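Notes to accompany the following structure.
Note that this is a predicted model, so its numbers are computed, not measured. Values below: all heavy atoms of this structure, side chains included; hydrogens, waters and symmetry mates excluded.
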Amino acid sequence: MPKTSTTLTESLILAGTASDREIAELVDDAGLDAVVDALVEEILSRCEQPVNIKAVHIALDVDHGDERRRVVLRVHRDEPVRVADEPAPVVWSRLGITATDLIRRLYGRTGHRRTGDFHNSFVPDAPSPQDMYFELPEIFNSATQATGTVIAGCAAYSADLGSLSVRSGSDKWASFHWYTPHYERHFARFRDEPVRVLEIGIGGYDEQLGGGSLRMWKRYFHRGLIFGLDIFDKTELTESRLTALVGDQNDPDCLVALAERHGPFDIVIDDGSHMNEHVHTSFATLFPYVRDGGIYVIEDMQTSYLPSFGGSPDDSAGPGTSIGLVKGLLDDLHHRERPRRNGAEPSVTQRSVTGVHVYHNIAFVEKGTNGEDGLPGWMDVAAWDALGATDA
């Protein structure tokens, strides 16, 4: 099956919340075959590992007007769900759905629970009545499990982020880190949106490609485009809605070129080298490319106390560390309460950091317009102290 173009993928994502007419026009323009190929590619990436003991072939019939495209999927517990390549496979289960409903299932909002849009039937074609008699219970049990696996892969909704992390091979939960509840708290509002997410650091060691977190974000943000940056070549991971990029997070020119091409981003996550200098470089370069209303995340801030990572050798993290960076952002958030030096204009972070949320080893920096006024200019500190004393 051919790889889907980024342009078609983005069009399908936006179509998930479009009108019937707009979806029909998209399918007419792109062609039913291209649309179904793209949708099946997405379904395969969402299907969990099957549990059915007996291999089952399921026909997915997608209709658009008078057209129909059939794709036969092979589902077996010993392998990921795939498009069948066997000649004339025996189909035991058929799922029928319109292209419009399937697009909405995959790229619509998670709160929109669609029921009754599939036409499902068992269509056994056993080699002989005797074989069918002896195998029927096992076949029907496997067919039911396999059908459930495929239908679950056609849904926008997925498990909680902790479960997705473990299933995807990410270390953001139940390992050295316990980040996923914080991520869910801050990312929930993005889940139904066509977001652009950049994660610095793809992971993997030695011969391993890594990419567990990228797969997790792809499943969690079912309408999102996910980008991963690593200093090593992990481009083999690239697939629909997931792009692996090669570059150095400590190279501003590289980061600007990346952001100009693929940004602006709704979310940037720094899970890269954790070298404190690199954290500062990446934030200073990429924060301007975060959309208003977006979030910049810094992970693994414990390296602020590790000299081998450029951290402070004592108990207090210095300004050159990732925790020092966050401390400075708190000052920037409150810059109107601080004396203005030499009449300088506010910096980028002073103008646009609207919230800083810090948990154990991880920080979330919100971007927007930091436009709340502080004390009136005519009220000096002494006057404010006097007012406070009066109120007391």
Side-chain angles (χ1 to χ4, degrees), residues 1-4 8-9 12 15-16 23-24 26-28 30-108 113-129 131-157 222 239-240:
M1 191 169 64
K3 288 288 185 181
T4 307
L8 178 55
T9 297
L12 290 170
I23 296 176
L26 170 61
V27 179
D28 287 339
L32 182 60
D33 284 346
V35 167
V36 170
D37 285 342
L39 298 179
V40 168
E41 186 177 350
E42 182 68 27
I43 291 168
L44 295 181
S45 74
R46 297 190 187 189
C47 285
E48 296 180 17
Q49 186 67 27
V51 297
N52 48 292
I53 296 174
K54 190 174 185 65
V56 173
H57 289 97
I58 296 179
L60 177 64
D61 290 334
V62 183
D63 295 330
H64 177 65
D66 296 331
E67 295 182 84
R68 169 171 290 177
R69 167 75 185 282
R70 167 169 285 197
V71 177
V72 178
L73 303 176
R74 177 184 168 88
V75 187
H76 190 209
R77 70 175 184 179
D78 291 337
E79 60 191 30
V81 180
R82 62 176 173 83
V83 176
D85 54 10
E86 298 88 339
V90 175
V91 171
W92 273 88
S93 179
R94 172 187 173 272
L95 293 169
I97 191 169
T98 67
T100 297
D101 284 337
L102 186 54
I103 289 170
R104 287 211 175 105
R105 265 187 167 263
L106 291 169
Y107 297 120
R113 297 286 188 263
R114 300 190 62 81
T115 59
D117 47 5
F118 272 116
H119 297 279
N120 175 233
S121 58
F122 288 105
V123 285
D125 184 16
S128 70
D131 292 338
M132 179 174 168
Y133 176 79
F134 287 110
E135 295 186 36
L136 191 60
E138 183 179 332
I139 290 176
F140 267 112
N141 186 48
S142 287
T144 299
Q145 293 172 329
T147 302
T149 297
V150 173
I151 290 179
C154 294
Y157 178 78
H222 66 282
E239 59 186 36
S240 174

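Sorted by first and then second residue, the side-chain hydrogen bond (donor to acceptor under 3.5 Å, both in side chains) pairs with a member in residues 143-155 read S93-T147; sequence neighbours excluded.
Not counting sequence neighbours, the partners of A15 by the side chain to side chain contact (heavy atoms under 4.5 Å, CB included) test are I23, L26, I103. A search for side chain to side chain contact (heavy atoms under 4.5 Å, CB included) contacts involving A30 returns L8, V35, not counting sequence neighbours. Residues meeting the side-chain hydrogen bond (donor to acceptor under 3.5 Å, both in side chains) test with D63, sequence neighbours left out: R68. Scored by the side-chain hydrogen bond (donor to acceptor under 3.5 Å, both in side chains) test, D28 finds H64 as partners (sequence neighbours excluded). Applying the side chain to side chain contact (heavy atoms under 4.5 Å, CB included) test to E79 and every residue at least two apart in sequence or in another chain returns R74, H76, R82.
Side-chain contact between R77 and I53 is present, with at least one heavy-atom pair separated by less than 4.5 Å. Residues R46 and L106 have side chains in contact (heavy-atom distance under 4.5 Å, counting atoms from C-beta outward). Side-chain contact between V91 and I58 is absent, with no heavy atoms from C-beta onward closer than 4.5 Å. Annotation: side chain of C154 is in contact with side chain of F118 (closest heavy-atom distance under 4.5 Å). Between V40 and V62 there is no side-chain heavy-atom pair separated by less than 4.5 Å.
Paired with D61 under the rule side chain to side chain donor-acceptor pair (under 3.5 Å), one option of R69, R70, H119 passes, and it is R70.
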- Task: Under the side chain to side chain contact (heavy atoms under 4.5 Å, CB included) rule, what do T100 and V27 come out as? Steps first, then yes or no, please.
- Result: CA-CA 9 Å; T100 297; V27 179; 5.8 Å; no
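Distance check, rounded to the nearest 0.5 Å: CZ of R105 to CG of L39 gives 12.5 Å.
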